[in-house]
2 protein chains.
Amino acid sequence: MTAVNKKLDPGQFFLQKLSMAKALQKRTLETRARLIAAAEAVIEESGYEAMRVEEVVLRAGTAKGTFFAHFKDKDALMELIIGARLDTYLDELEAAPDPKSVEALAQALMPLCAFMTSERYVFDLILRYSGAAAIEAIGPIAVNFGRQVDLFERWGTANRFRTDIGVDLQAEGIHAFMIQAMATHFCSLHNAQSINDRLVPYLKAWLAPNS
Amino acid sequence: MTAVNKKLDPGQFFLQKLSMAKALQKRTLETRARLIAAAEAVIEESGYEAMRVEEVVLRAGTAKGTFFAHFKDKDALMELIIGARLDTYLDELEAAPDPKSVEALAQALMPLCAFMTSERYVFDLILRYSGAAAIEAIGPIAVNFGRQVDLFERWGTANRFRTDIGVDLQAEGIHAFMIQAMATHFCSLHNAQSINDRLVPYLKAWLAPNS
DNA sequence: AATAGAAAATGACCGTGGTCAATTTTGGAG
DNA sequence: CTCCAAAATTGACCACGGTCATTTTCTATT
(Lines give C-alpha, C1' and ligand atoms only; values in the text may rest on other atoms or scores of the structure.)
Protein backbone atom coordinates (compact mmCIF):
# COMPACT_ATOMS: atom_id res chain seq x y z
CA MET A 1 0.00 0.00 0.00
CA THR A 2 1.13 3.55 -0.62
CA ALA A 3 -0.01 6.64 1.19
CA VAL A 4 -2.45 8.22 -1.22
CA ASN A 5 -4.85 9.63 1.31
CA LYS A 6 -4.13 12.98 2.85
CA LYS A 7 -6.03 14.77 5.55
CA LEU A 8 -9.56 15.87 4.87
CA ASP A 9 -11.81 17.85 7.14
CA PRO A 10 -15.48 16.84 7.19
CA GLY A 11 -16.43 19.32 4.49
CA GLN A 12 -13.56 18.44 2.21
CA PHE A 13 -14.32 14.78 2.42
CA PHE A 14 -17.88 15.37 1.35
CA LEU A 15 -16.73 17.48 -1.55
CA GLN A 16 -14.34 14.80 -2.70
CA LYS A 17 -17.05 12.18 -2.70
CA LEU A 18 -19.26 14.37 -4.86
CA SER A 19 -16.52 15.86 -6.97
CA MET A 20 -17.78 14.22 -10.12
CA ALA A 21 -21.44 15.02 -9.47
CA LYS A 22 -23.08 18.27 -10.55
CA ALA A 23 -22.03 21.46 -8.80
CA LEU A 24 -23.47 22.20 -5.39
CA GLN A 25 -25.30 25.38 -4.60
CA LYS A 26 -23.78 27.79 -2.13
CA ARG A 27 -26.87 27.31 0.03
CA THR A 28 -26.08 23.62 0.29
CA LEU A 29 -22.60 24.28 1.58
CA GLU A 30 -23.91 26.72 4.16
CA THR A 31 -26.60 24.36 5.39
CA ARG A 32 -24.17 21.48 5.72
CA ALA A 33 -21.67 23.68 7.51
CA ARG A 34 -24.38 24.71 9.98
CA LEU A 35 -25.35 21.08 10.59
CA ILE A 36 -21.76 20.00 11.17
CA ALA A 37 -21.08 22.96 13.42
CA ALA A 38 -24.21 22.28 15.42
CA ALA A 39 -23.30 18.62 15.82
CA GLU A 40 -19.78 19.50 16.93
CA ALA A 41 -21.18 21.94 19.46
CA VAL A 42 -23.49 19.32 20.92
CA ILE A 43 -20.63 16.82 21.07
CA GLU A 44 -18.40 19.40 22.71
CA GLU A 45 -20.99 19.95 25.39
CA SER A 46 -22.32 16.47 26.01
CA GLY A 47 -20.14 13.91 24.24
CA TYR A 48 -20.61 11.81 21.11
CA GLU A 49 -23.15 9.37 22.47
CA ALA A 50 -25.49 12.15 23.57
CA MET A 51 -25.79 13.67 20.11
CA ARG A 52 -29.41 13.74 18.92
CA VAL A 53 -30.49 14.56 15.40
CA GLU A 54 -33.40 16.61 16.72
CA GLU A 55 -31.05 18.73 18.79
CA VAL A 56 -28.69 19.25 15.85
CA VAL A 57 -31.37 20.37 13.41
CA LEU A 58 -32.86 22.63 16.06
CA ARG A 59 -29.54 24.41 16.54
CA ALA A 60 -28.81 24.48 12.82
CA GLY A 61 -32.26 25.91 12.14
CA THR A 62 -33.24 23.31 9.58
CA ALA A 63 -35.92 20.66 9.29
CA LYS A 64 -35.14 17.09 10.19
CA GLY A 65 -35.48 15.95 6.62
CA THR A 66 -32.71 18.31 5.61
CA PHE A 67 -30.31 16.45 7.88
CA PHE A 68 -30.94 13.22 6.00
CA ALA A 69 -30.68 14.94 2.65
CA HIS A 70 -27.10 15.81 3.63
CA PHE A 71 -26.09 12.66 5.48
CA LYS A 72 -27.19 9.13 4.78
CA ASP A 73 -27.91 8.59 8.45
CA LYS A 74 -26.82 9.77 11.88
CA ASP A 75 -23.79 7.50 11.82
CA ALA A 76 -22.59 8.99 8.55
CA LEU A 77 -22.21 12.39 10.21
CA MET A 78 -20.58 10.81 13.25
CA GLU A 79 -18.16 9.06 10.95
CA LEU A 80 -17.32 12.33 9.23
CA ILE A 81 -16.64 14.12 12.50
CA ILE A 82 -14.76 11.28 14.15
CA GLY A 83 -12.83 10.60 10.96
CA ALA A 84 -11.71 14.23 10.86
CA ARG A 85 -10.46 13.97 14.43
CA LEU A 86 -8.60 10.79 13.61
CA ASP A 87 -7.01 12.52 10.64
CA THR A 88 -5.59 15.32 12.76
CA TYR A 89 -3.89 12.73 14.94
CA LEU A 90 -2.49 11.03 11.86
CA ASP A 91 -1.23 14.35 10.54
CA GLU A 92 0.78 14.86 13.68
CA LEU A 93 2.16 11.35 13.61
CA GLU A 94 3.14 11.66 9.98
CA ALA A 95 4.89 14.96 10.65
CA ALA A 96 6.77 13.64 13.65
CA PRO A 97 10.04 11.70 13.35
CA ASP A 98 9.80 7.92 13.09
CA PRO A 99 9.98 6.24 16.51
CA LYS A 100 13.28 4.45 17.06
CA SER A 101 12.21 1.89 19.62
CA VAL A 102 9.21 -0.22 20.47
CA GLU A 103 8.57 1.86 23.56
CA ALA A 104 8.72 5.06 21.56
CA LEU A 105 6.38 3.56 18.99
CA ALA A 106 3.80 2.66 21.60
CA GLN A 107 4.19 6.05 23.25
CA ALA A 108 3.62 7.82 19.95
CA LEU A 109 0.32 6.00 19.49
CA MET A 110 -1.11 6.96 22.87
CA PRO A 111 -2.83 10.23 21.90
CA LEU A 112 -4.61 8.45 19.07
CA CYS A 113 -5.57 5.55 21.34
CA ALA A 114 -6.79 7.94 24.01
CA PHE A 115 -9.18 9.55 21.57
CA MET A 116 -10.39 6.25 20.17
CA THR A 117 -11.20 5.03 23.67
CA SER A 118 -12.53 8.33 24.98
CA GLU A 119 -16.03 6.90 24.79
CA ARG A 120 -17.11 3.33 24.33
CA TYR A 121 -19.56 4.63 21.74
CA VAL A 122 -16.69 6.16 19.78
CA PHE A 123 -14.61 2.98 19.87
CA ASP A 124 -17.52 0.82 18.75
CA LEU A 125 -18.39 3.18 15.92
CA ILE A 126 -14.79 3.28 14.73
CA LEU A 127 -14.57 -0.50 14.68
CA ARG A 128 -17.87 -0.73 12.90
CA TYR A 129 -16.78 1.64 10.15
CA SER A 130 -13.14 0.60 9.93
CA GLY A 131 -13.98 -2.04 7.36
CA ALA A 132 -15.39 -0.53 4.22
CA ALA A 133 -17.35 -2.25 1.49
CA ALA A 134 -20.15 -3.50 3.71
CA ILE A 135 -21.03 0.11 4.26
CA GLU A 136 -21.21 1.07 0.60
CA ALA A 137 -18.08 2.81 -0.62
CA ILE A 138 -15.13 3.70 1.55
CA GLY A 139 -15.68 6.20 4.37
CA PRO A 140 -13.36 8.51 6.28
CA ILE A 141 -12.67 6.06 9.09
CA ALA A 142 -11.72 3.25 6.75
CA VAL A 143 -9.50 5.72 4.89
CA ASN A 144 -7.88 6.71 8.15
CA PHE A 145 -7.20 3.10 9.04
CA GLY A 146 -5.44 2.78 5.70
CA ARG A 147 -3.31 5.78 6.60
CA GLN A 148 -2.45 4.20 9.93
CA VAL A 149 -1.16 1.04 8.32
CA ASP A 150 0.72 3.07 5.72
CA LEU A 151 2.41 5.00 8.48
CA PHE A 152 3.35 1.83 10.33
CA GLU A 153 4.89 0.57 7.10
CA ARG A 154 6.93 3.73 6.87
CA TRP A 155 8.12 3.26 10.43
CA GLY A 156 8.96 -0.33 9.70
CA THR A 157 10.87 0.62 6.59
CA ALA A 158 12.88 3.34 8.33
CA ASN A 159 13.67 1.16 11.31
CA ARG A 160 13.46 -2.52 10.49
CA PHE A 161 12.31 -4.18 13.63
CA ARG A 162 11.95 -7.58 12.01
CA THR A 163 13.69 -8.74 8.89
CA ASP A 164 11.97 -12.08 8.54
CA ILE A 165 8.63 -10.66 7.45
CA GLY A 166 7.50 -7.93 5.08
CA VAL A 167 6.86 -4.40 6.25
CA ASP A 168 3.21 -4.72 5.29
CA LEU A 169 2.65 -7.75 7.46
CA GLN A 170 4.61 -6.12 10.25
CA ALA A 171 2.40 -3.03 9.98
CA GLU A 172 -0.82 -5.01 10.07
CA GLY A 173 0.36 -6.73 13.21
CA ILE A 174 1.05 -3.44 14.93
CA HIS A 175 -2.45 -2.39 14.03
CA ALA A 176 -3.99 -5.61 15.30
CA PHE A 177 -2.26 -5.27 18.66
CA MET A 178 -3.22 -1.63 18.95
CA ILE A 179 -6.86 -2.60 18.56
CA GLN A 180 -6.42 -5.48 20.98
CA ALA A 181 -4.86 -3.23 23.62
CA MET A 182 -7.73 -0.77 23.34
CA ALA A 183 -10.42 -3.45 23.36
CA THR A 184 -8.90 -5.11 26.40
CA HIS A 185 -8.70 -1.77 28.10
CA PHE A 186 -12.49 -1.57 28.09
CA CYS A 187 -12.86 -5.04 29.59
CA SER A 188 -11.52 -4.36 33.01
CA LEU A 189 -12.58 -1.73 35.42
CA HIS A 190 -10.79 -3.98 37.83
CA ASN A 191 -7.14 -4.55 36.93
CA ALA A 192 -6.90 -1.01 35.58
CA GLN A 193 -3.82 -1.04 33.38
CA SER A 194 -2.93 1.73 30.96
CA ILE A 195 -3.26 1.11 27.25
CA ASN A 196 0.45 1.74 26.92
CA ASP A 197 1.24 -0.94 29.49
CA ARG A 198 -0.92 -3.36 27.57
CA LEU A 199 0.49 -2.45 24.18
CA VAL A 200 4.22 -2.57 24.94
CA PRO A 201 4.40 -6.31 25.75
CA TYR A 202 2.43 -7.12 22.61
CA LEU A 203 4.70 -5.02 20.43
CA LYS A 204 7.89 -6.31 22.01
CA ALA A 205 6.80 -9.86 21.31
CA TRP A 206 5.72 -8.92 17.79
CA LEU A 207 8.56 -6.64 16.73
CA ALA A 208 11.47 -8.09 18.68
CA PRO A 209 10.94 -11.83 19.15
CA ASN A 210 13.68 -13.85 20.81
CA SER A 211 15.20 -10.95 22.65
CA MET B 1 -6.29 -17.77 33.48
CA THR B 2 -7.85 -21.12 34.04
CA ALA B 3 -10.80 -22.59 32.25
CA VAL B 4 -13.61 -22.21 34.74
CA ASN B 5 -16.44 -21.61 32.32
CA LYS B 6 -18.21 -24.52 30.75
CA LYS B 7 -20.88 -24.49 28.14
CA LEU B 8 -24.20 -22.89 28.92
CA ASP B 9 -27.27 -22.77 26.77
CA PRO B 10 -29.27 -19.54 26.83
CA GLY B 11 -31.58 -20.74 29.56
CA GLN B 12 -28.83 -22.09 31.75
CA PHE B 13 -26.90 -18.88 31.55
CA PHE B 14 -29.90 -16.94 32.71
CA LEU B 15 -30.44 -19.33 35.58
CA GLN B 16 -26.84 -19.01 36.65
CA LYS B 17 -27.06 -15.26 36.75
CA LEU B 18 -30.11 -15.41 38.98
CA SER B 19 -29.03 -18.41 40.99
CA MET B 20 -28.79 -16.41 44.18
CA ALA B 21 -32.06 -14.55 43.66
CA LYS B 22 -35.42 -15.83 44.79
CA ALA B 23 -36.90 -18.86 43.01
CA LEU B 24 -38.52 -18.37 39.64
CA GLN B 25 -42.05 -19.49 38.90
CA LYS B 26 -42.60 -22.24 36.38
CA ARG B 27 -44.62 -19.77 34.32
CA THR B 28 -41.57 -17.54 34.05
CA LEU B 29 -39.45 -20.34 32.66
CA GLU B 30 -42.10 -21.22 30.12
CA THR B 31 -42.53 -17.67 28.96
CA ARG B 32 -38.82 -17.16 28.56
CA ALA B 33 -38.47 -20.42 26.70
CA ARG B 34 -41.21 -19.32 24.31
CA LEU B 35 -39.50 -15.99 23.74
CA ILE B 36 -36.13 -17.58 23.05
CA ALA B 37 -37.66 -20.20 20.78
CA ALA B 38 -39.57 -17.54 18.86
CA ALA B 39 -36.44 -15.45 18.45
CA GLU B 40 -34.45 -18.44 17.23
CA ALA B 41 -37.18 -19.26 14.74
CA VAL B 42 -37.15 -15.73 13.35
CA ILE B 43 -33.36 -15.82 13.12
CA GLU B 44 -33.48 -19.18 11.40
CA GLU B 45 -35.83 -17.81 8.80
CA SER B 46 -34.49 -14.32 8.23
CA GLY B 47 -31.12 -13.93 9.92
CA TYR B 48 -29.98 -12.14 13.06
CA GLU B 49 -30.24 -8.61 11.78
CA ALA B 50 -33.85 -9.06 10.75
CA MET B 51 -35.02 -10.05 14.22
CA ARG B 52 -37.72 -7.68 15.52
CA VAL B 53 -38.99 -7.62 19.07
CA GLU B 54 -42.55 -7.14 17.84
CA GLU B 55 -42.28 -10.26 15.70
CA VAL B 56 -40.85 -12.29 18.56
CA VAL B 57 -43.53 -11.37 21.07
CA LEU B 58 -46.20 -11.97 18.45
CA ARG B 59 -44.96 -15.50 17.88
CA ALA B 60 -44.38 -16.12 21.57
CA GLY B 61 -47.90 -14.89 22.34
CA THR B 62 -46.81 -12.35 24.93
CA ALA B 63 -47.01 -8.60 25.29
CA LYS B 64 -44.06 -6.45 24.39
CA GLY B 65 -43.47 -5.45 27.97
CA THR B 66 -42.99 -9.09 28.89
CA PHE B 67 -40.01 -9.27 26.57
CA PHE B 68 -38.27 -6.51 28.48
CA ALA B 69 -39.17 -8.03 31.81
CA HIS B 70 -37.12 -11.05 30.74
CA PHE B 71 -34.27 -9.37 28.87
CA LYS B 72 -32.70 -6.02 29.59
CA ASP B 73 -32.94 -5.08 25.94
CA LYS B 74 -32.99 -6.63 22.50
CA ASP B 75 -29.21 -6.97 22.45
CA ALA B 76 -29.26 -8.95 25.69
CA LEU B 77 -31.30 -11.68 24.02
CA MET B 78 -29.11 -11.55 20.94
CA GLU B 79 -26.07 -11.93 23.15
CA LEU B 80 -27.62 -14.94 24.86
CA ILE B 81 -28.40 -16.66 21.58
CA ILE B 82 -25.14 -15.81 19.85
CA GLY B 83 -23.18 -16.66 22.98
CA ALA B 84 -24.80 -20.11 23.06
CA ARG B 85 -23.78 -20.70 19.46
CA LEU B 86 -20.24 -19.61 20.21
CA ASP B 87 -20.16 -22.00 23.15
CA THR B 88 -21.05 -24.99 20.99
CA TYR B 89 -18.09 -24.20 18.74
CA LEU B 90 -15.84 -23.92 21.77
CA ASP B 91 -17.10 -27.25 23.09
CA GLU B 92 -16.05 -28.93 19.87
CA LEU B 93 -12.65 -27.27 19.88
CA GLU B 94 -12.05 -28.22 23.48
CA ALA B 95 -13.00 -31.82 22.78
CA ALA B 96 -10.79 -32.06 19.70
CA PRO B 97 -7.05 -32.81 19.89
CA ASP B 98 -4.70 -29.86 20.11
CA PRO B 99 -3.53 -28.71 16.67
CA LYS B 100 0.09 -29.62 16.00
CA SER B 101 0.95 -26.93 13.46
CA VAL B 102 0.12 -23.34 12.69
CA GLU B 103 -1.82 -24.41 9.63
CA ALA B 104 -3.83 -26.90 11.66
CA LEU B 105 -4.48 -24.27 14.29
CA ALA B 106 -5.85 -21.82 11.75
CA GLN B 107 -7.87 -24.57 10.14
CA ALA B 108 -9.40 -25.54 13.46
CA LEU B 109 -10.60 -21.98 14.00
CA MET B 110 -12.39 -21.68 10.68
CA PRO B 111 -15.84 -22.95 11.74
CA LEU B 112 -15.88 -20.48 14.61
CA CYS B 113 -14.70 -17.67 12.36
CA ALA B 114 -17.27 -18.57 9.74
CA PHE B 115 -20.07 -18.19 12.25
CA MET B 116 -18.70 -14.95 13.67
CA THR B 117 -18.55 -13.45 10.19
CA SER B 118 -21.79 -14.96 8.94
CA GLU B 119 -23.40 -11.54 9.24
CA ARG B 120 -21.80 -8.18 9.70
CA TYR B 121 -24.40 -7.53 12.37
CA VAL B 122 -23.26 -10.63 14.26
CA PHE B 123 -19.60 -9.69 14.07
CA ASP B 124 -20.25 -6.15 15.27
CA LEU B 125 -22.41 -7.35 18.15
CA ILE B 126 -19.81 -9.87 19.23
CA LEU B 127 -17.09 -7.23 19.25
CA ARG B 128 -19.33 -4.86 21.13
CA TYR B 129 -20.02 -7.38 23.88
CA SER B 130 -16.64 -9.08 23.97
CA GLY B 131 -15.41 -6.58 26.52
CA ALA B 132 -17.37 -6.77 29.72
CA ALA B 133 -17.58 -4.21 32.52
CA ALA B 134 -18.90 -1.37 30.39
CA ILE B 135 -21.97 -3.49 29.87
CA GLU B 136 -22.69 -4.13 33.54
CA ALA B 137 -21.45 -7.53 34.66
CA ILE B 138 -19.95 -10.13 32.38
CA GLY B 139 -22.13 -11.57 29.65
CA PRO B 140 -22.03 -14.82 27.68
CA ILE B 141 -19.95 -13.45 24.82
CA ALA B 142 -17.29 -12.04 27.12
CA VAL B 143 -17.26 -15.39 28.93
CA ASN B 144 -16.83 -17.17 25.63
CA PHE B 145 -13.91 -14.93 24.68
CA GLY B 146 -12.30 -15.94 27.95
CA ARG B 147 -12.77 -19.57 27.00
CA GLN B 148 -11.18 -18.93 23.64
CA VAL B 149 -8.03 -17.47 25.18
CA ASP B 150 -7.94 -20.28 27.75
CA LEU B 151 -8.05 -22.80 24.95
CA PHE B 152 -5.29 -21.06 23.04
CA GLU B 153 -3.21 -21.22 26.19
CA ARG B 154 -3.81 -24.93 26.39
CA TRP B 155 -2.73 -25.33 22.79
CA GLY B 156 0.34 -23.24 23.45
CA THR B 157 1.21 -25.27 26.51
CA ALA B 158 0.79 -28.60 24.73
CA ASN B 159 2.77 -27.50 21.72
CA ARG B 160 5.09 -24.64 22.51
CA PHE B 161 5.27 -22.60 19.37
CA ARG B 162 7.34 -19.86 20.98
CA THR B 163 9.50 -20.22 24.01
CA ASP B 164 10.51 -16.59 24.39
CA ILE B 165 7.10 -15.41 25.60
CA GLY B 166 4.49 -16.70 28.03
CA VAL B 167 1.61 -18.86 26.93
CA ASP B 168 -0.85 -16.18 28.01
CA LEU B 169 0.72 -13.53 25.82
CA GLN B 170 0.97 -16.03 22.99
CA ALA B 171 -2.72 -16.82 23.36
CA GLU B 172 -3.77 -13.18 23.35
CA GLY B 173 -1.82 -12.70 20.16
CA ILE B 174 -3.59 -15.57 18.45
CA HIS B 175 -6.85 -14.00 19.47
CA ALA B 176 -5.86 -10.56 18.22
CA PHE B 177 -4.91 -11.93 14.81
CA MET B 178 -8.06 -13.98 14.60
CA ILE B 179 -10.10 -10.81 15.09
CA GLN B 180 -7.90 -8.94 12.64
CA ALA B 181 -8.34 -11.62 9.97
CA MET B 182 -12.10 -11.50 10.36
CA ALA B 183 -12.29 -7.72 10.39
CA THR B 184 -10.12 -7.47 7.29
CA HIS B 185 -12.28 -10.06 5.61
CA PHE B 186 -15.21 -7.64 5.74
CA CYS B 187 -13.19 -4.81 4.23
CA SER B 188 -12.77 -6.15 0.78
CA LEU B 189 -15.43 -7.39 -1.54
CA HIS B 190 -12.69 -6.89 -4.04
CA ASN B 191 -9.57 -8.93 -3.27
CA ALA B 192 -11.71 -11.73 -1.92
CA GLN B 193 -9.34 -13.82 0.17
CA SER B 194 -10.46 -16.47 2.61
CA ILE B 195 -10.18 -15.85 6.32
CA ASN B 196 -7.85 -18.82 6.53
CA ASP B 197 -5.53 -17.34 3.92
CA ARG B 198 -5.45 -14.11 5.90
CA LEU B 199 -4.92 -15.79 9.24
CA VAL B 200 -2.10 -18.22 8.36
CA PRO B 201 0.52 -15.56 7.50
CA TYR B 202 -0.30 -13.67 10.69
CA LEU B 203 0.02 -16.76 12.83
CA LYS B 204 3.20 -17.94 11.14
CA ALA B 205 4.81 -14.59 11.83
CA TRP B 206 3.49 -14.61 15.39
CA LEU B 207 4.07 -18.23 16.40
CA ALA B 208 7.13 -19.08 14.33
CA PRO B 209 9.24 -15.95 13.83
CA ASN B 210 12.60 -16.29 12.07
CA SER B 211 11.74 -19.45 10.23
C1' DA C 1 -61.21 -22.00 51.34
C1' DA C 2 -60.22 -17.17 51.92
C1' DT C 3 -57.02 -13.66 51.55
C1' DA C 4 -52.97 -10.85 51.21
C1' DG C 5 -48.88 -9.73 49.20
C1' DA C 6 -45.45 -10.77 45.75
C1' DA C 7 -44.34 -11.90 41.09
C1' DA C 8 -45.48 -11.72 36.34
C1' DA C 9 -47.80 -9.95 32.38
C1' DT C 10 -50.02 -6.22 29.91
C1' DG C 11 -50.48 -2.59 26.38
C1' DA C 12 -50.86 2.28 25.85
C1' DC C 13 -47.36 5.41 25.47
C1' DC C 14 -42.81 7.66 24.49
C1' DG C 15 -38.13 8.84 22.25
C1' DT C 16 -35.57 8.89 18.42
C1' DG C 17 -33.87 7.64 13.89
C1' DG C 18 -35.39 7.74 9.30
C1' DT C 19 -38.86 8.49 4.95
C1' DC C 20 -41.15 10.92 1.36
C1' DA C 21 -44.71 13.54 -1.16
C1' DA C 22 -45.34 18.24 -1.33
C1' DT C 23 -43.40 22.94 -1.33
C1' DT C 24 -39.95 26.51 -1.84
C1' DT C 25 -35.69 28.23 -3.71
C1' DT C 26 -32.26 28.60 -7.17
C1' DG C 27 -29.90 29.29 -11.54
C1' DG C 28 -30.23 29.76 -16.17
C1' DA C 29 -32.49 29.96 -21.00
C1' DG C 30 -35.19 32.81 -23.84
C1' DC D 1 -37.72 40.10 -16.59
C1' DT D 2 -40.31 35.73 -16.94
C1' DC D 3 -40.66 31.19 -16.63
C1' DC D 4 -39.21 26.46 -15.90
C1' DA D 5 -36.80 22.44 -14.47
C1' DA D 6 -33.69 20.90 -11.13
C1' DA D 7 -32.06 21.24 -6.52
C1' DA D 8 -32.93 21.96 -1.81
C1' DT D 9 -35.99 22.11 2.05
C1' DT D 10 -39.91 20.95 4.78
C1' DG D 11 -42.63 18.53 8.36
C1' DA D 12 -46.12 15.14 8.94
C1' DC D 13 -45.58 10.49 9.27
C1' DC D 14 -43.67 5.76 10.16
C1' DA D 15 -40.79 1.92 12.42
C1' DC D 16 -39.01 0.08 16.17
C1' DG D 17 -36.84 -0.24 20.70
C1' DG D 18 -37.94 0.60 25.27
C1' DT D 19 -40.94 2.30 29.73
C1' DC D 20 -44.22 2.03 33.40
C1' DA D 21 -48.63 2.35 35.90
C1' DT D 22 -52.15 -0.96 36.04
C1' DT D 23 -54.05 -5.53 36.02
C1' DT D 24 -53.74 -10.45 36.38
C1' DT D 25 -51.86 -14.60 38.26
C1' DC D 26 -49.44 -17.17 41.56
C1' DT D 27 -48.06 -18.74 46.25
C1' DA D 28 -47.98 -18.94 50.99
C1' DT D 29 -50.31 -18.28 55.41
C1' DT D 30 -54.11 -18.90 58.45
Side-chain angles (χ1 to χ4, degrees), chain A residues 11 14-15 17-36 38-39 42-43 46-81 121 124-125 128-129 135-136, chain B residues 11 14-15 17-36 38-39 42-43 46-81 121 124-125 128-129 135-136:
Chain A
F14 193 97
L15 278 180
K17 283 192 71 173
L18 300 185
S19 59
M20 56 223 65
K22 14 206 100 174
L24 296 175
Q25 300 182 359
K26 184 172 46 162
R27 180 176 47 153
T28 309
L29 280 290
E30 290 166 354
T31 303
R32 179 165 51 252
R34 283 209 316 281
L35 286 167
I36 293 174
V42 173
I43 289 165
S46 323
Y48 288 88
E49 177 146 37
M51 195 262 263
R52 295 281 172 275
V53 173
E54 303 243 25
E55 175 70 13
V56 169
V57 297
L58 186 73
R59 295 202 193 196
T62 73
K64 204 193 234 179
T66 304
F67 182 100
F68 294 98
H70 284 267
F71 311 104
K72 182 183 168 298
D73 51 28
K74 179 183 162 175
D75 280 354
L77 175 56
M78 293 292 340
E79 207 205 342
L80 225 55
I81 291 174
Y121 171 84
D124 287 344
L125 188 137
R128 193 145 37 86
Y129 281 88
I135 300 107
E136 101 238 351
Chain B
F14 194 96
L15 278 181
K17 283 193 69 172
L18 299 185
S19 58
M20 54 224 66
K22 13 207 100 175
L24 295 175
Q25 301 182 359
K26 185 171 47 163
R27 181 176 48 154
T28 309
L29 279 290
E30 291 166 353
T31 303
R32 180 165 50 252
R34 283 210 316 281
L35 285 167
I36 293 173
V42 172
I43 289 164
S46 322
Y48 289 88
E49 177 147 35
M51 195 260 263
R52 295 283 171 274
V53 173
E54 304 242 24
E55 175 71 13
V56 169
V57 297
L58 186 74
R59 295 203 192 195
T62 73
K64 204 192 230 178
T66 304
F67 182 100
F68 294 99
H70 284 268
F71 311 104
K72 181 184 168 299
D73 52 27
K74 177 183 162 175
D75 280 353
L77 175 56
M78 292 291 341
E79 206 206 341
L80 225 56
I81 292 173
Y121 172 84
D124 287 343
L125 188 136
R128 194 146 36 86
Y129 281 87
I135 298 107
E136 104 238 350

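All of these numbers come straight from a predicted model, not from anything done at the bench. Lettering of chains follows the sequences in order, A, B, ..., and the numbering in each one begins at 1.
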Listed by chain and number, what are the salt bridge (Lys or Arg N to Asp or Glu O under 4.0 Å) partners of A:Asp73, not counting sequence neighbours? none
Integer-rounded Å distance: C:dT16 P and A:Glu49 CD: 12 Å
Given 3.5 Å as the limit, does a donor-acceptor pair link the side chain of B:Thr31 with the main chain of B:Arg27, or not? yes
Rounded to the Å, how far apart are A:Phe68 CZ and C:dC20 C1'? 13 Å
Figure out the NZ/P separation between B:Lys74 and C:dG17, and round it to whole Å. 16 Å
Look for any protein N or O under 3.5 Å of an N or O in nucleotides 9-11 of chain D and output each such pair with its distance, or none.
from, atom 1, to, atom 2, distance (Å)
D:dT9, OP1, A:Thr31, OG1, 2.4
D:dT9, OP2, A:His70, NE2, 2.8
D:dT10, OP2, A:Ala63, N, 2.9
D:dT10, OP2, A:Thr66, OG1, 2.8
D:dG11, O6, A:Gly65, N, 3.4

Could you tell me how far apart A:Met78 (CE) and C:dT16 (P) are, to the nearest whole angstrom? 16 Å
For A:Leu29 and C:dT25, what is the distance between atoms CG and P respectively, to the nearest whole Å? 19 Å
Residues passing the side chain to side chain donor-acceptor pair (under 3.5 Å) test with A:Glu55, sequence neighbours excluded, are A:Arg59
Nearest whole angstrom, please: distance from the P of C:dG15 to the CD of A:Glu55. 15 Å
Which of these, B:Val57, B:Leu77, B:Val53, sits in a side-chain contact (heavy atoms from CB on, under 4.5 Å) with B:Phe68? B:Val53
Can you tell me the distance, in whole Å, between the CG atom of B:Leu35 and the C1' atom of C:dA8? 12 Å
Smallest heavy-atom separation, A:Ala39 atom then A:Val56 atom, equals CA-CG2, 3.8 Å
When the distance from CD of B:Glu79 to C1' of D:dG17 is rounded to whole Å, what number comes out? 17 Å
With sequence neighbours excluded, give me every salt bridge (Lys or Arg N to Asp or Glu O under 4.0 Å) pair touching residues 60-69 of chain A. A:Glu54-A:Lys64
